[in-house]
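Worksheet for the structure shown next.
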Number of protein chains: 2
Amino acid sequence: MSAQEAEELARTLGALADPVRLRLFSLVAATHEVCSCELEAPLGRSQPTISHHTKVLADAGLIVGERRGRWTWWHVVPERLAAVRSALGG
Amino acid sequence: MSAQEAEELARTLGALADPVRLRLFSLVAATHEVCSCELEAPLGRSQPTISHHTKVLADAGLIVGERRGRWTWWHVVPERLAAVRSALGG
DNA sequence: GCAAAGCATCGACGTATATCAATCTATCAG
DNA sequence: CTGATAGATTGATATACGTCGATGCTTTGC
């Protein structure tokens with residue numbers, strides 16, 4: 001594995017290597033589409049913290065946010081998660 | 001996903017979310033058995049740093065070290081990696 | 001236009017992590 | 001026993017990260 005490949009994969013895994021982000025991702029995956037405002041309560045984190053975590057996951061390509069009016073609706077990118085699993089030895 | 005499950009999975013993913021550890025793991029997996037002294041050169045890190053990273057991966061259950069004489073021989077735990085991939089695909 | 005709602009950004013704070021030099025422990029060769 | 005080697009541990013340092021309060025931006029509703 002090249003240093004560049006490792007750097008890239010490590011960044012993606014790092015996006016998932018946080019308990020709050022794992023549960024956030026799980027919530028988005030379970031409901032297929034959620035707005036940020038619905039994530040604060042179940043995760044017990046402030047609005048800026050939720051915004052931070054959604055950004056990290058989005059930058060990693062694991063979720064995508066669609067802006068509709070005042071709300072941002074999040075949904076998962078299953079191909080991206082599959083790519084991570086594949087890179088881990090699939 | 002429960003907070004406890006997320007904490008556990010995050011810790012394991014965190015062990016893999018580092019470029020040096022990913023390449024280290026890749027080297028161990030490729031050669032089936034490697035001693036620590038053979039890892040410093042290809043990874044370009046000092047001996048204490050290599051020792052630190054092998055410990056992190058071992059604590060996560062991803063590799064196992066067997067002490068034979070002066071050398072510690074490392075090999076991967078494929079079931080552990082499979083469990084991680086499974087947890088990501090559930 | 002104005003106020004409220006949803007979300008992003010900034011600044012700050014505490015903690016965790018990656019790294020190395022120095023040191024310690026254990027093992028082997030002579 | 002002595003010197004050398006493999007590896008672990010400690011201490012120090014720089015950087016990254018999670019978190020929140022305060023603030024800014026954009027859209028909605030009146």
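Since this is a predicted model, take the numbers as computed values, not measurements. Naming: A, B, ... by sequence-line order, numbering from 1 per chain.
Counting non-hydrogen atoms under 4.0 angstrom, B/Ser51 reaches a base of the nucleic acid. Within the nucleic acid shown, B/Thr72 comes within 4.0 Å of sugar-phosphate atoms alone, with no base atom in reach, counting heavy atoms only.
Atoms CD (B/Glu7) and C1' (D/dG18) sit 12 Å apart, rounded to a whole Å. If you measure from atom CD of B/Glu66 to atom C1' of D/dA6, you get 15 Å, rounded to the nearest angstrom. Taking atom CG of A/Leu57 as the reference point, atom P of C/dA8 lies 12 Å away to the nearest angstrom. Note: CZ (B/Arg11) to C1' (C/dT15) measures 16 Å, nearest angstrom. The separation between A/Ile63 atom CD1 and C/dC7 atom P is 12 Å, rounded to whole Å. What separates CH2 of B/Trp71 from P of D/dA8 is a distance of 14 Å, to the nearest Å. With rounding to whole Å, B/Glu40 atom CD is found 11 Å from D/dT5 atom C1'. A straight line from CZ of B/Arg70 to P of D/dA6 spans 6 Å, rounded to a whole angstrom.
No side-chain donor-acceptor contact under 3.5 Å links B/Ser26 to the backbone of B/Leu22. Looking at A/Arg80, its side chain does come within 3.5 Å of a backbone N or O of A/Ala60 through a donor-acceptor pair. Side chain of A/Thr54 to backbone of A/Ile50: a donor-acceptor contact under 3.5 angstrom is found. At least one donor-acceptor pair closer than 3.5 Å links the side chain of B/Arg21 to the backbone N or O of B/Gly14.
A donor-acceptor contact under 3.5 Å is formed by the side chain of A/Gln47 with the base of C/dA8.
The side chain of B/Cys37 sits closest to D/dG7 out of C/dA8, D/dG7, C/dA5. With D/dT9, C/dT27, D/dT19 as the candidates, the nucleotide lying closest to the side chain of B/Pro48 is D/dT9.
Within the structure, a side-chain polar atom (N or O) of B/His53 is placed less than 4.0 Å from OP1 or OP2 of C/dT19. Under 4.0 angstrom from either OP1 or OP2 of D/dC20 there lies at least one side-chain N or O belonging to A/Thr49. The phosphate of C/dT19 (OP1 or OP2) has a side-chain N or O of B/Arg45 nearer than 4.0 angstrom. Within the structure, a side-chain polar atom (N or O) of A/Arg21 is placed less than 4.0 Å from OP1 or OP2 of D/dG18.
The shortest side-chain heavy-atom distance between B/Val76 and B/Leu81 does not fall under the 4.5 Å cut-off.
Closest-nucleotide positions on DNA chain C for A/His52 and A/Arg67 were compared, and the one nearer the 5' end corresponds to A/Arg67. Between B/Ile50 and A/Ala17, it is B/Ile50 whose nearest contact on DNA chain D lies nearer the 5' terminus.
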